[in-house]
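What follows is a set of notes on a single structure, which appears directly below.
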Amino acid sequence: MGDISLRDRCYKLIARIPRGRITTYKEVAEALGIKGYRLVGMFLSRNPRPVEIPCHRVVKSNGDVGGYIFGVEKKIELLRSEGIVMKNRKIENLQRYFFRLK
DNA sequence: ATATTGACATTTA
DNA sequence: ATAAATGCCAATA
């Protein structure tokens, strides 16, 4: 009773990321208190509400965009529309847009 | 109950 | 530089 699944906590965290800012799978995992980074990707691949839960704002630590339910191209388009500058499918300086969760 | 999965990250070759 | 191996762990089957 009252316990929220890790998955729902994950979605809650991501719902806080504002437009134009991004974070990483690693950051989300660490905020959840786990090191199984892949689990975050698993949760997001089953994102039930892509509008309220802006999972396109979660990218890889190395600047690659990572995956997306509606395709990587769509994810790139969304990020660009929010002002994220990308060079060859990669984000140059994550730091510039990084949103901390922990 | 056990086995596999995943939109990752780090280390090693 | 690229590629493979390894660690991670709740959720899913």
Side-chain angles (χ1 to χ4, degrees):
Chain A
M1 31 171 228
D3 40 20
I4 307 155
S5 68
L6 202 61
R7 180 171 135 204
D8 287 337
R9 287 175 51 217
C10 175
Y11 294 149
K12 269 196 163 180
L13 284 172
I14 291 164
R16 310 207 307 236
I17 307 170
R19 192 186 158 78
R21 307 290 300 286
I22 57 186
T23 191
T24 63
Y25 296 97
K26 180 180 182 180
E27 176 75 2
V28 176
E30 288 179 347
L32 291 172
I34 64 173
K35 293 177 197 163
Y37 312 121
R38 302 173 22 174
L39 191 56
V40 175
M42 194 219 75
F43 291 151
L44 299 194
S45 74
R46 297 175 160 280
N47 182 356
R49 293 183 281 290
V51 178
E52 295 109 356
I53 305 165
C55 59
H56 63 281
R57 296 178 187 143
V58 183
V59 302
K60 292 202 193 187
S61 297
N62 68 358
D64 284 333
V65 292
Y68 194 53
I69 308 178
F70 304 120
V72 177
E73 296 307 323
K74 183 65 181 173
K75 185 167 181 176
I76 291 170
E77 179 191 316
L78 286 169
L79 290 173
R80 285 219 159 99
S81 79
E82 299 189 0
I84 310 291
V85 177
M86 313 212 8
K87 178 186 174 190
N88 290 336
R89 324 178 123 259
K90 264 194 133 171
I91 297 158
E92 292 283 291
N93 40 2
L94 277 183
Q95 227 241 76
R96 184 162 146 195
Y97 315 102
F98 200 79
F99 185 75
R100 287 204 185 158
L101 296 170
K102 59 170 174 20

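Reminder, nothing fancy here: chain letters follow the sequence lines and each chain counts from 1.
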Problem set entry | Residue pairs fulfilling side chain to side chain donor-acceptor pair (under 3.5 Å) with at least one residue in residues 7-18 of chain A, sequence neighbours excluded | A:Ser5-A:Asp8
For this session: Provide, to the nearest angstrom, the distance between the CD1 atom belonging to A:Ile53 and the P atom belonging to B:dA7.
Result: 17 Å
Exercise. Does CD belonging to A:Glu52 count more than 12 external heavy atoms closer than 6.0 Å?
Worked result: yes
For this session: Answer yes or no: does atom CZ of A:Arg100 have more than 12 heavy-atom neighbours from other residues, nucleotides or ligands under 6.0 Å?
Result: no
Exercise. Near DNA chain C, under 4.0 Å by heavy atom, which residues of residues 6-16 of chain A?
Worked result: A:Leu6, A:Arg7
For this session: Take A:Arg46 and A:Gly33, find for each the nucleotide of DNA chain C with the closest heavy atom, and name the residue whose nucleotide sits nearer the 5' end.
Result: A:Gly33
Exercise. Are A:Leu32 and A:Leu44 joined in one hydrophobic group, where the rule is that I, L, V, M, F, W and Y side chains link up if heavy atoms are under 4.5 Å apart?
Worked result: yes
For this session: Check each residue of residues 89-102 of chain A for a non-hydrogen atom within less than 4.0 Å of any atom in DNA chain B, then write out the ones that pass by number, or none.
Result: none
For this session: Mark yes or no for whether A:Asp64, through its side chain, and A:Gly66, through its backbone, hold a donor-acceptor pair below 3.5 Å.
Result: no
Seminar exercise, completed: Residues passing the side-chain hydrogen bond (donor to acceptor under 3.5 Å, both in side chains) test with A:Arg46, sequence neighbours excluded, are none
Problem set entry | Per-nucleotide protein contact string for nucleotides 8-13 of chain B (B base, S sugar-phosphate only, - none; heavy atom under 4.0 Å) | BSS---
Problem set entry | Interatomic distance where CG belongs to A:Leu44 and P belongs to C:dT12 [whole Å] | 13 Å
Exercise. Given A:Phe98 and A:Thr23, is the side chain to side chain contact (heavy atoms under 4.5 Å, CB included) satisfied, shown in steps?
Worked result: CA-CA 5 Å; A:Phe98 200 79; A:Thr23 191; 3.8 Å; yes
Seminar exercise, completed: The reported gap from OH in A:Tyr25 to NZ in A:Lys60 (rounded to nearest 0.5 angstrom) is 8.0 Å
Exercise. Rounded to the nearest Å, what distance is computed from the CD1 atom of residue A:Ile34 to the C1' atom of nucleotide C:dC9?
Worked result: 6 Å
For this session: Say whether, by atom type as modelled, one donor and one acceptor occur between the side chain of A:Lys102 and the main chain of A:Glu27 under 3.5 angstrom.
Result: no
For this session: Quick one: which residue pairs count as a side chain to side chain donor-acceptor pair (under 3.5 Å) with a foot in residues 82-92 of chain A, not counting sequence neighbours?
Result: A:His56-A:Glu82, A:Arg57-A:Glu82, A:Glu73-A:Arg89
